[in-house]
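Just below is one structure, and these are the notes that go with it.
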There are 2 protein chains.
Amino acid sequence: MEFRQLGYFVAVAEERHFGRAARRLYVTGPSLSQQIQALERDLHVTLFERSPRSVVLTPAGEVLLQHAHVLLARAERARDEVRSVGPL
Amino acid sequence: MEFRQLGYFVAVAEERHFGRAARRLYVTGPSLSQQIQALERDLHVTLFERSPRSVVLTPAGEVLLQHAHVLLARAERARDEVRSVGPL
DNA sequence: ACACGTTACGCGGAACGTAAGAATT
DNA sequence: AATTCTTACGTTCCGCGTAACGTGT
């Protein structure tokens, strides 16, 4: 589970569409698909129910989405606070 | 800033010694040193005052240490909760 | 048949280990 | 001089993009 993967995951969850999420993230569809799969493999969980017509979160996906938002926000905050201490 | 780097950082902070931290992490000294440097470059901050005799946290390092603990714990919790929803 | 997600595959960059170098005490 | 961190360098692994393929409607 990496920060980049969490960002990818949130994008797909919000767009409910790999293609749109990929464009929004400035990556290609395959790259995005692979990273989501890597995340699913890592967590031993399926995060989305895919079909050419719809992409919806599984229950596990819903749970991860909550945590992903918190983690990404907290990471951002960590960066800011660390840097605000002083450039050195 | 990646989770692996945060783990490395916490180990060095706790050991106050690159060599011991490296052994504890099952990586070599140089790899650890490089990753800490990469993290420092990424954050534009110096995290440790190094000398052959002592390795101590800078103020910025102290701040990061707090956040690192929270982030790693929260990530661990996310894993657990996601997996507890169901293997699928 | 079309739209969309997934494999297949080759490339470039990042992480690691071994070996050699610098620095403080 | 010894211990410890760092730089140099070659190798391996991982993420990415292009192209080809599968799948459901």
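Because the structure is a prediction, the values reported are computed rather than measured.
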Output the rounded distance in Å from [atom1] ([X]) to [atom2] ([N]).
{"X": "B:R16", "N": "D:dC5", "atom1": "CZ", "atom2": "P", "answer": "13 Å"}
{"X": "B:F18", "N": "D:dT7", "atom1": "CZ", "atom2": "C1'", "answer": "14 Å"}
{"X": "B:Y8", "N": "D:dC5", "atom1": "OH", "atom2": "C1'", "answer": "17 Å"}
{"X": "B:H17", "N": "D:dT4", "atom1": "NE2", "atom2": "P", "answer": "4 Å"}
{"X": "A:E2", "N": "D:dC16", "atom1": "CD", "atom2": "P", "answer": "11 Å"}

Write down the atom of [X], the atom of [Y], and the distance for their closest heavy-atom approach.
{"X": "B:A75", "Y": "A:L71", "answer": "N-CD2, 3.9 Å"}
{"X": "B:G7", "Y": "B:L25", "answer": "O-CD2, 4.4 Å"}
{"X": "A:F3", "Y": "B:M1", "answer": "CD1-O, 3.3 Å"}

Determine which pairs satisfy salt bridge (Lys or Arg N to Asp or Glu O under 4.0 Å) with at least one residue from residues 55-79 of chain A, sequence neighbours left out, and list them in order.
A:R77-A:E81, A:R79-B:D42
Divergence of helical axes at both termini of the helix from C:dA1-D:dT25 to C:dT25-D:dA1 - five pairs an end, 10° steps
30°
Quick check for you: name the first and last nucleotides of DNA chain C, 5' to 3', having an atom under 4.0 Å from a heavy atom of chain B.
C:dA15 to C:dT25
Anything under 3.5 Å between a donor and an acceptor, one on a side chain of residues 28-35 of chain A, the other on a protein residue two or more places apart or in another chain? List them.
residue, atom, partner, partner atom, Å
A:T28, OG1, A:S31, OG, 3.1
A:S33, OG, A:Q37, NE2, 3.1
A:Q35, OE1, A:R4, NH1, 3.4
A:Q35, OE1, A:Q5, NE2, 3.2

Quick one: side chain to side chain contact (heavy atoms under 4.5 Å, CB included) partners of B:A60, sequence neighbours excluded?
A:V82, A:V85, B:V45, B:T58
Please determine if a side-chain N or O atom of B:R50 lies less than 4.0 Å away from the OP1 or OP2 oxygen of D:dT6.
yes
Looking at residues at least two apart in the chain, or sitting in another chain, which of them share a ring pair (Phe, Tyr, Trp, His ring centres under 6.0 Å) with B:F9?
B:F48
When you measure from every atom of DNA chain C, which of residues 29-38 of chain B have a heavy atom less than 4.0 Å away?
B:P30, B:S31, B:Q34, B:Q35
State whether the side chain of A:R16 and the backbone N or O of A:V56 hold a donor-acceptor pair below 3.5 Å, judged by distance alone.
no
Please check if the side chain of A:E40 supplies one atom and the backbone of A:L47 the other of a donor-acceptor pair under 3.5 Å.
yes
Going through the distances and angles, do B:V27 and B:Y8 end up as a side-chain contact (heavy atoms from CB on, under 4.5 Å)?
CA-CA 10 Å; B:V27 294; B:Y8 286 5; 3.5 Å; yes
Which residues share a side-chain hydrogen bond (donor to acceptor under 3.5 Å, both in side chains) with A:E14, sequence neighbours left out:
A:R24
Taking the nucleotide of DNA chain D with the closest heavy atom to each, which residue, B:S54 or A:T28, is nearer the 5' end?
B:S54
Scan B:F48 against the nucleic acid and name what it touches under 4.0 Å (heavy atoms): base, sugar-phosphate only, or nothing.
nothing
